[in-house]
Amino acid sequence: VQLQASGGGSVQAGGSLRLSCAASGRTSSSYAMGWFRQAPGKVREFVAIIRWSTGTTYYADSAKGRFTISRDNAKNTVYLQMNSLKPEDTAVYYCALDRNPPDTSPDAMDYWGKGTLVTVSS
């Protein structure tokens, strides 16, 4: 399985960005795909994840109410719509695939995409 993330960039506080992550290779409807982020000097942390078969979503407290994760089954793509961005959202964002959901720990993820940088200026 390969994951290709895109959509990062620079935005002012209060702005929005949408991240995309396309999965290719052997995937399954039992999987979950999600987003994690890592700020400079900090550990990688969970942001949001979605179960492919049911669409059930899980969010970190920091993401609730501002971020929305969604999927397009036909395109094997997961999205992260980020609104009301804050400077503390600045990080490298990684998409990940979990073969045995539900999990929110980075250690439980089976595949990772390359990160995409999100910079939010004040």
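Sequence positions, counted from 1, serve as the residue numbers for this chain.
- In terms of heavy-atom proximity, Ala48 sits nearest to Leu80 at CB-CD1, 4.2 Å.
- Checked by atom type and distance alone, the side chain of Arg71 never pairs as donor or acceptor with a backbone atom of Val78 at under 3.5 Å.
- Remark: aromatic rings of Phe36 and Trp112 are close, center separation under 6.0 Å.
- Pairs of residues two or more places apart, or lying in two chains, that qualify as side chain to side chain donor-acceptor pair (under 3.5 Å) and include a residue from residues 41-54 are Arg37-Glu45, Gln38-Arg44, Thr54-Thr56.
- Here the OG-CD distance, from Ser24 to Gln4, works out to 8.5 Å after rounding to the nearest 0.5 Å.
- With a 4.5 Å cut-off on side-chain heavy atoms, Val11 and Met82 do not count as touching.
- With rounding to the nearest 0.5 Å, the separation of OG1 in Thr27 from CG in Leu3 is 10.0 Å.
- Following chains of ILVMFWY side-chain contacts shorter than 4.5 Å, one can reach Leu85 starting from Trp35, so the two form part of one hydrophobic cluster.
- How far CD1 of Ile50 is from CG of Asp98: 13.5 Å, rounded to the nearest 0.5 Å.
- The heavy-atom pair separating Ala39 from Ala91 by the smallest distance is N-CB, 3.8 Å.
- Tyr58 and Met109 fall within a single hydrophobic cluster, where Ile, Leu, Val, Met, Phe, Trp and Tyr are joined by side-chain heavy atoms under 4.5 Å apart, directly or via other members.
- Side chain of Thr90 to main chain of Thr119: no donor-acceptor pair is present (N/O by atom type, distance under 3.5 Å, no hydrogens or angles).
- The shortest side-chain heavy-atom distance between Leu17 and Val118 falls under the 4.5 Å cut-off.
- Separating the OH atom in Tyr111 from the CE atom in Met33 is a distance of 12.5 Å, to the nearest 0.5 Å.
- Using a distance-only test at 3.5 Å, with no hydrogens or angles considered, a donor-acceptor pair links the side chain of Thr77 to the main chain of Lys75.
- For Ser16, the side-chain hydrogen bond (donor to acceptor under 3.5 Å, both in side chains) test picks out Asn83, with sequence neighbours left out.
- Residue pairs meeting the salt bridge (charged side-chain N to carboxylate O under 4.0 Å, His left out) criterion with at least one partner in residues 109-122, sequence neighbours excluded, are Arg99-Asp110.
- Listed here is the closest heavy atom pair of Gly115 and Val92: CA-CG1, 3.5 Å.
- Taking every heavy atom of both residues into account, Ala13 and Ser122 meet most closely at CB-CA, 4.3 Å.
- Atom OH in Tyr59 sits 10.5 Å away from atom CZ in Phe67 (nearest 0.5 Å).
- The backbone N or O of Ala74 lies less than 3.5 Å from a partner atom in the side chain of Asp72, making a donor-acceptor pair.
- The pair Asp61-Lys64 counts as a salt bridge, with a side-chain nitrogen and a carboxylate oxygen less than 4.0 angstrom apart.
- Tyr79 contributes atom OH, which lies 12.0 Å from atom CD1 of Ile69 (distance to the nearest 0.5 angstrom).
- In terms of hydrophobic clustering, with Ile, Leu, Val, Met, Phe, Trp and Tyr side chains grouped at heavy-atom distances under 4.5 Å, Tyr94 and Val120 are assigned to different clusters.
- Cluster annotation: Leu19 is not connected to Leu117 through the hydrophobic network of ILVMFWY side chains, with a link wherever side-chain heavy atoms come within less than 4.5 Å.
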